[in-house]
Amino acid sequence: MFWRNNILAVLLLCCTWCLATSEEFHEALTFRPLQDGRLATRFTFTTLLRGAYPRDPSTLQEEDESQHYAIFPLALGQVLREYAVTELHLTLNAGKWDYDHWGYPDEPGVGTGAELWAWMGESAARSVDERWKGLRNALSGQFCASLGSLDEQRTTSPELTFRPEGSLPQWGTTHQLRHGTLPSEHVCTENLTPFLKLLPCKSLTGIASLLNPHRLFDADWHGLGVHVRYLENEGIEVRLSFQSVFDPVRYSNGRRDWSLRSVFDRVIDRSCPIAHSSEIRVAIPKEETAVAITPDSYTTHAGFVYFNVSNASKPLDISMSWPDEQKFEYGSSQSRGRLSVSITNHMPITIQTSYLESMPWLLQFYLHSLQIYSNGVSRDDLISIVSYIPSVPHVRPTLFQAILTLPPKSTLHLSMDVIKPFLRYTEHPPDAQRGWDLPPAVLVPLLHSNSSTLDPGLSNPPSGFEQLRLPRRMYTPVLLVDLATPDFSMPYNVIIMSCTLIALIFGMVFNLLTRKFTLIRVSPEPK
Amino acid sequence: MDFGLVYPALVAGRLLLAFAPLPDALKHDHQLSSPLTSYPRLQEGVYLFQHGIDPYSGGLFRHSPLLLSLFSTALPLNKFTSACLWTACDAISAWALVKIWRARQRVSQSSRDSLIAAIYLLNPYLLLPTLALSTSTIENMLFLLSLMFASQGQSSPSLLALALLVQLSLPSAIFIVPMILLLLSDPVSRLASPREFNTYLSSILAKLGTFLGFSFALTSLSVLVCGNWTWVEQTWGAAVMLPDLTPNPGLWWYFFTEMFDHFRPFFLMVFSAHLLIYVLPVCLKFQHDILYATYILAGVYATFKPYPTLSDPGLFISLISLFPETYQYLRYPIVTTLLHLHSALLLPLFHHLWLSQGTGNANFFYASTLVFGVSNGAALLDAIWAGLRIAVGNLPEGYELIQK
């Protein structure tokens with residue numbers, strides 16, 4: 001009797017132990033410094049349920065077998081079993097991903113708003129559309145997002161674009177795709193909290209403790225994603241991800257150095273004990289400027305630096321700095337600023353280019369403050385001003401034309417002070433806080449490949465020079481300048497207050513100047 | 001304290017301060033210089049002029065062509081010469097103020113000389129714009145020189161200095177009438193014993209003719225320097241049309257920022273006329289002491305000028321040192337002082353909050369300019385009251401003084 005009970009207990013223990021080891025939890029955090037000074041971060045929390053299969057949709061009318069999960073999120077698992085979902089992808093993003101400056105994201109789903117798509121097998125018992133509706137409502141309750149409004153008016157089946165990322169089990173039925181997007185959905189802490197509840201260590205220990213909603217939702221771009229897929233010979237994988245693009249230059253004083261403390265306002269105090277692997281990866285930027293990464297306990301592989309969070313000394317704060325770099329951006333106020341252009345000449349010969357700046361009358365140049373620096377050395381001989389027509393407010397723009405000489409393999413920095421005007425009430429556009437767009441500057445390289453009469457100031461071109469093709473015109477990016485705005489609700493108030501003050505002073509001066517002095521007796525005549 | 005010791009010491013101190021490494025932001029500060037007096041704009045105008053571009057074709061340069069010709073030919077503008085020149089202007093102004101005081105008291109020297117020089121040279125309202133290299137220092141110097149020559153009865157130098165002043169700043173035309181009247185009387189204090197002003201119309205017209213002759217000559221010189229008449233609209237026209245709405249401690253800029261275009265000409269006319277209507281009444285009321293009338297008009301100029309800087313109320317406050325007989329009759333000097341302190345501290349703070357930090361908006365700075373206007377107005381009113389009250393003298397027992 002005793003042994004029978006004990007054997008049962010031992011067997012149960014073995015079962016749970018087997019079940020426990022068949023679940024694996026990996027967490028990773030990847031940092032990628034971007035070329036415009038921003039920092040792309042990506043949290044990945046992967047739970048793998050080994051040996052598990054998605055629910056066969058043909059068994060939908062029967063009672064489901066009980067599922068026991070130790071690490072795998074129960075709420076999500078129940079939703080997946082209820083609607084027999086093979087593959088599920090949900091992303092909630094905010095911001096616009098700038099492919100030009102930030103490259104390609106690690107997680108491809110960066111569409112703004114909510115995007116939900118799922119591959120489900122057909123079933124006679126309950127139709128795919130019925131299960132899609134149930135799935136939407138269940139997930140909207142789970143993540144506090146209004147996914148329930150992704151009804152048939154917003155649902156499509158674009159099978160060519162959204163291929164399954166895992167494998168679809170062979171049940172004899174075809175799988176169907178349902179996809180819906182809600183671009184106006186906002187992401188906030190309300191969505192992050194249930195997201196964190198799906199993690200085994202929640203947000204108490206490990207990498208997930210860095211998820212500080214104050215900082216995450218202040219980032220230039222942020223998005224959370226839930227991806228469930230079935231991998232043949234492996235099992236069901238749930239990948240919870242949070243991608244964001246931070247701007248360290250904004251937090252610090254013009255430098256793009258960052259650390260866990262400066263980006264997330266937190267450090268890692270304890271590592272998650274359940275995590276099978278817990279690591280932080282930092283991509284080493286490809287530029288030549290020196291980079292310093294602390295702490296020293298990292299391994300390098302294939303352009304990445306790896307930190308093992310479980311072994312590292314706690315509290316763990318990783319930082320990356322560019323010690324030789326000066327300010328990354330120029331500060332300015334709303335009354336004046338500094339316009340700067342930097343042109344890099346990659347070729348081994350001197351190039352002369354004409355530089356045209358036509359600026360609307362809003363921004364007025366201080367031409368006497370024009371400074372030219374080539375590779376850090378001030379070189380005033382590299383510019384010759386051809387013409388300058390100053391602007392007349394409300395009438396004509398500034399026209400500035402100059403010839404720049406670019407030495408071989410160097411970078412030229414041109415900068416000058418500008419003052420920003422204070423516009424009248426009626427001159428501001430309706431969205432005055434947006435600012436004014438400034439047209440691009442135009443550069444025209446003047447050296448021709450077949451010219452026989454080369455400028456004597458240029459160096460001798462190397463042989464094979466005739467194959468050189470210079471662009472005809474190059475444009476700098478468009479700038480946005482913000483000007484000081486008056487308070488637009490105030491015209492009446494300003495007029496009455498200023499006029500009151502002037503009238504009061506005038507009135508009192510008038511009184512004093514026009515009235516006569518008289519003596520009056522206040523106390524009775526002394527007897 | 002001996003004037004011969006104190007004065008050189010103060011000037012040397014000022015010179016040292018001018019050569020000290022000061023932040024560059026001082027030159028761009030909106031309280032210390034206006035678009036009509038700003039040093040970077042002067043540099044830009046001289047630079048364009050030297051490179052063959054007409055500086056008056058844009059809207060940036062609003063200084064007089066006389067300054068343009070001075071700084072592009074005779075005096076190059078660099079750190080050393082600017083510091084020396086601006087300190088010299090302040091030193092001359094302080095010396096002129098002392099001479100005016102001596103002329104008023106009819107002495108060749110007195111014990112208050114050093115105090116008067118110190119009040120001018122150590123006044124923060126005048127010290128900071130000089131360090132910011134604002135050309136309002138030159139305007140103050142010309143005004144005090146004109147006043148000094150008028151106090152000594154030398155009409156030609158006085159009117160020449162006044163003509164130069166009007167060339168630099170058009171609103172100072174309000175000083176033409178009191179200066180002419182001062183030349184025809186004397187600066188001795190007669191506040192306590194008013195009497196009729198007796199003169200001939202012909203002598204007034206003669207002085208006016210001299211002034212107009214000087215003005216015409218200087219205007220022709222300016223046209224010669226420039227080659228055309230565009231400078232008139234950019235310099236004198238700016239004081240009337242207010243094209244540049246850069247914030248300053250005055251009352252005009254925000255009023256005309258928020259104004260709809262339909263009403264703009266009317267209110268420009270009203271504000272300009274308002275400045276002129278004070279001239280005759282003040283001169284008539286204080287005809288027994290024209291120097292005091294000039295002092296009152298300096299207060300009006302500081303409060304209601306189109307592009308004021310801190311140096312205009314600074315001049316008014318420094319001139320108060322010439323009239324110690326009025327001190328006992330001032331009704332609320334402490335209130336005025338505290339209001340000035342209050343607004344002088346708030347003006348740069350709110351300016352920074354609005355334009356540099358971005359956490360405040362324009363209304364903060366506008367409110368502080370209103371407080372500044374109140375403080376200037378309070379000083380002006382107290383000065384008028386004190387000047388009139390002296391004439392009544394001591395009150396007998398049981399009597400009160402009112403105005404009806």
Side-chain angles (χ1 to χ4, degrees), chain A residues 331 333-336 361 364-369 385 387-395 398 417 419 421-426 482 484-488 490-495 497-499 501-502 504-506 508-526, chain B residues 28 30 40-41 43-44 46-48 51 53 55 57-60 243-247 251 253-261 271 274 278 281-282 285 300 303-304 354-356 358 361-363 366 370 373-374 377 380-381 384-385 388-389 391-392 395-404:
Chain A
S333 72
Q334 281 194 322
S335 58
R336 60 194 177 101
W361 61 266
Q364 293 187 312
F365 294 153
Y366 275 143
L367 217 57
H368 70 273
S369 65
I385 299 175
S387 78
Y388 175 66
I389 300 176
S391 63
V392 177
H394 311 286
V395 175
T398 312
D417 277 338
I419 47 166
F422 291 84
L423 301 179
R424 293 177 197 170
Y425 182 91
T426 47
D482 68 326
T485 56
D487 189 343
F488 293 103
M490 290 281 281
Y492 172 70
N493 303 334
V494 168
I495 291 174
M497 282 196 278
S498 291
C499 286
L501 180 66
I502 295 173
L504 275 176
I505 297 178
F506 170 75
M508 287 199 255
V509 169
F510 181 82
N511 271 344
L512 285 173
L513 291 179
T514 53
R515 289 181 175 182
K516 285 190 309 184
F517 281 107
T518 42
L519 287 171
I520 54 165
R521 178 180 286 282
V522 289
S523 65
E525 275 269 358
Chain B
H28 299 273
H30 289 145
R41 290 184 189 234
Q43 282 181 308
E44 179 71 8
V46 169
Y47 180 90
L48 291 176
H51 283 76
I53 305 166
S57 58
L60 197 66
D244 193 315
L245 290 167
T246 311
L251 298 167
W253 67 279
Y254 204 53
F255 189 87
F256 287 100
T257 308
E258 300 271 2
M259 170 92 24
F260 294 129
D261 297 330
F271 273 55
H274 172 257
Y278 286 94
V282 169
K285 191 74 181 178
V300 167
T303 318
F304 298 118
W354 174 30
L355 291 174
S356 307
N361 65 14
N363 293 336
Y366 168 63
L370 284 182
V374 167
L380 175 70
L381 290 164
I384 295 178
W385 167 265
L388 293 172
R389 174 71 179 78
V392 179
L395 297 176
E397 193 66 32
Y399 280 87
E400 276 290 320
L401 184 71
I402 57 154
Q403 284 196 303
K404 74 163 177 73

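Just so you know, these numbers use all the heavy atoms, side chains as well, and skip hydrogens, waters and symmetry mates. Throughout, protein chains are lettered first and strands after them, A, B, ... in sequence-line order, and every chain is numbered starting at 1.
- Ranked by non-hydrogen atom pairs under 4.5 Å with chain A, the options Val374(B), Leu370(B), Leu251(B), Asn363(B) are led by Asn363(B).
- Residues Phe422(A) and Leu355(B) meet the side-chain proximity criterion, which asks for heavy atoms closer than 4.5 Å.
- Both the backbone and the side chain of Trp354(B) come within contact range of chain A, with heavy atoms under 4.5 Å apart.
- When each of Asp417(A), Ile505(A), Thr514(A) is checked for heavy-atom pairs under 4.5 Å with chain B, Ile505(A) comes out on top.
- Options Leu519(A), Leu512(A), Val522(A) differ in how many heavy-atom pairs under 4.5 Å they form with chain B, and the most are formed by Leu512(A).
- Note: Tyr425(A) and Phe488(A) have tilted aromatic rings, judged against thresholds of 30 and 60 degrees for the angle between ring planes.
- For Val392(B), the part lying under 4.5 angstrom from a heavy atom of chain A is the side chain only.
- Ranked by heavy-atom pairs under 4.5 Å with chain B, the first of Val395(A), Ile502(A), Ile419(A) is Ile502(A).
- Using a 4.5 Å cut-off between heavy atoms, Ile389(A) does not touch chain B at all.
- Pro421(A) does not touch chain B: none of its heavy atoms, backbone or side chain, sits under 4.5 Å away.
- Of the atoms belonging to Ser391(A), it is backbone heavy atoms, and not side-chain ones, that fall under 4.5 Å from chain B.
- The closest side-chain heavy-atom distance from Phe271(B) to Phe256(B) is below 4.5 Å.
- His368(A) meets the side-chain hydrogen bond (donor to acceptor under 3.5 Å, both in side chains) test with Gln43(B), Glu44(B); sequence neighbours excluded.
- The contact between Thr485(A) and chain B is made entirely by backbone atoms, counting heavy-atom distances below 4.5 Å.
- Both the backbone and the side chain of Phe506(A) come within contact range of chain B, judged by heavy atoms closer than 4.5 Å.
- Counting heavy-atom pairs closer than 4.5 Å to chain A, the top residue among Val46(B), Leu381(B), Ile384(B) is Leu381(B).
- Inter-residue side-chain proximity for Leu367(A) and Ile385(A) is flagged as met; some heavy-atom pair is nearer than 4.5 Å.
- Within the 4.5 angstrom heavy-atom criterion, no atom of Leu504(A) approaches chain B.
- Taking Ala362(B), Pro243(B), Pro40(B), Ala391(B) one by one and counting their heavy-atom pairs under 4.5 Å with chain A, the maximum is reached by Pro40(B).
- The candidate from Val392(A), Leu513(A), Leu423(A) with the greatest count of non-hydrogen atom pairs under 4.5 Å with chain B is Leu513(A).
- For the residue pair Pro486(A) and Glu258(B), the shortest heavy atom distance occurs at CB-OE2, 3.6 Å.
- Note on ring orientation: taking the six-membered ring where Trp is involved, the planes of Tyr366(B) and Tyr254(B) are tilted (angle from 30° to 60°).
- In this structure, the portion of Leu501(A) lying under 4.5 Å from any heavy atom of chain B is its side chain and not its backbone.
- Using a 4.5 Å cut-off between heavy atoms, Val282(B) contacts chain A through both its backbone and its side chain.
- Using a 4.5 Å cut-off between heavy atoms, Ile53(B) touches chain A through its side chain atoms alone.
- For the set Phe365(A), Tyr492(A), Trp361(A), the entry with the most heavy-atom pairs within less than 4.5 Å of chain B is Phe365(A).
- Under the 6.0 Å cut-off for aromatic ring centres, Trp385(B) and Phe517(A) qualify, their centroids lying closer than that.
- Classified by interplanar angle (parallel below 30°, tilted 30° to 60°, perpendicular above 60°), the ring pair Phe304(B)/Tyr278(B) is parallel.
- In terms of heavy-atom pairs under 4.5 angstrom with chain B, the leader among Thr398(A), Thr426(A), Asn493(A) is Thr426(A).
- Looking at heavy atoms from C-beta onward, Arg424(A) lies in side-chain contact with Asp261(B) at the 4.5 angstrom threshold.
- Partners of Tyr47(B) by ring-ring contact (aromatic ring centres under 6.0 Å, His included), not counting sequence neighbours, listed by chain and number: His51(B).
- For Arg41(B) against Leu60(B), the heavy-atom pair with the smallest separation is NH1-O, 2.9 Å.
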